[in-house]
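Below, chain A is the first sequence line, B the second, and so on; all start at residue 1. On a predicted model such as this, the values are computed, not experimentally measured, just so you know.
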Amino acid sequence: MEYWNLFLGFFRIGVLGYGGGPSMIPLVHAEAVQKYKWMNDEEFTDVLAMGNALPGPIATKMAGYIGYKVKGALGATIAIVAMVIPVLIAMIVLLGLIYKLKDSGIVGGMTHGVQPVIGVMMAVMAYEFFLKSWKSWVKSRTIAWTIIAVVVIGLLDLNPGLLIGFALAYAFIESTYLFKKRKKQQADSPDRGFSA
Amino acid sequence: MTLLYLFWAFFVPNILGYGGGPPIIPLLQAEVVDHFGWMTLEQFGDVLALGNALPSPIATKLAGYIGYQVAGIPGALVALIATIAPTAIAMVILYKFLHLFKNSPQVSAMTQVVRPIVAVLLGILALQFFASAYESAGIWQTAALTAISLIALEKFKIHPGIVVASALVYGAFFLH
């Protein structure tokens, strides 16, 4: 019965979750906390924080964790399958139908028609990411990393994965160093100790 | 061997993709189009367009579809597993240690540093699609479709599925 509920809950989340991962979070909350009571609000918040701290799509991480919590590895598999597979089949069938018309020359036209639209979607996402960085980070750093990315990927044409891997390692080391330094300063400063 | 390549091509972008779906798109394009040459940029654009028109996370739709195109159902499974399993398993294992890194300065620093890079990557990808549209449909068609879809999506908040479907229909009749 729980297996069936897992399937139903995550099937609904997958089919109704328009706009990608983040838009699915409230749907996951509605199913897992409100409807099936697999967890309370506090745990949901923790799972979300955890999901945000790890790379990869957020929705599948949540499905995996919640499914595992409810019914172990099989539960996790069912939750993920229910969320991912139905939409994937729809996508394969739809693209298959479109490419069936290939010979008529219509598909070429369709591809041309959709390219500016996808360009706009990517540009909008680019703008949103930049804005998020601009608002929540030191401005000079946003500018510096933007320039680095333009030079390394736009001009030198290096693999973007390498740059991101390097940036992640750099951020990890630098923040660890700064954190330790700050802690040490706090420990050293006299007004933090016991007053005589 | 193809299955191993598929696993690698989807594993790497998802591990580096801090911040959910969008960062994965340009990283995946680098692997699938530039590195392994499994599809052209135009085909990748078709898949993205349809992926954006359907619900659920973009990463799993791209993985499943591209994996299926490259190596049938086993290919789809391998690409999906590479996309989902590593981080889902990490989630289950690391949950017990959540308090250790929930508010850690490292996690927020890593989240911050990736954003401007992802913005540039997505921007470059956008330019590539505009350039490709310009080559095949000319400047006026491209400019008009760009302006109309921008207004439809951002100002009037029309559903991306409807915008993509309209562009497909328009292209089918007027752009071949």
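Of the atoms belonging to A:F172, heavy atoms from both backbone and side chain fall under 4.5 Å from chain B. For a residue to count as touching a neighbouring chain, one of its non-hydrogen atoms must lie under 4.5 Å from one of that chain's; by this rule A:V152 does not touch chain B. Proximity to chain B is limited to the side chain of A:L88, based on heavy atoms less than 4.5 angstrom apart. Contact of A:V117 with chain B is made through backbone and side chain together, with heavy-atom distances under 4.5 Å.
The aromatic rings of A:F44 and A:H29 lie perpendicular to each other, with more than 60° between the two planes, well past the 30° mark. Using the six-membered ring where Trp is involved, B:Y170 and B:F174 have ring planes that are tilted, between 30° and 60° apart.
Heavy-atom pairs under 4.5 Å with chain A peak, among B:G64, B:G123, B:P86, B:A85, at B:G64. Taking A:S133, A:P86, A:G154 one by one and counting their heavy-atom pairs under 4.5 Å with chain B, the maximum is reached by A:S133.
The minimum heavy-atom distance between B:A90 and A:M50, with the atom names listed, is O-CE, 4.1 Å.
Figure legend: cation-pi geometry between A:K180 and A:Y177 absent, as NZ or CZ is not positioned both under 6.0 Å from the six-membered ring centre and within 45° of its axis.
Rounding to the nearest 0.5 angstrom, the gap separating the NZ atom in A:K71 from the CG atom in A:L6 is 9.0 Å.
A heavy-atom distance below 4.5 Å is not found between the side chains of A:N52 and A:I25.
Of all residues spanning residues 75-83 of chain B, those with a heavy atom less than 4.5 Å away from chain A's heavy atoms are B:L80, B:T83, arranged by number.
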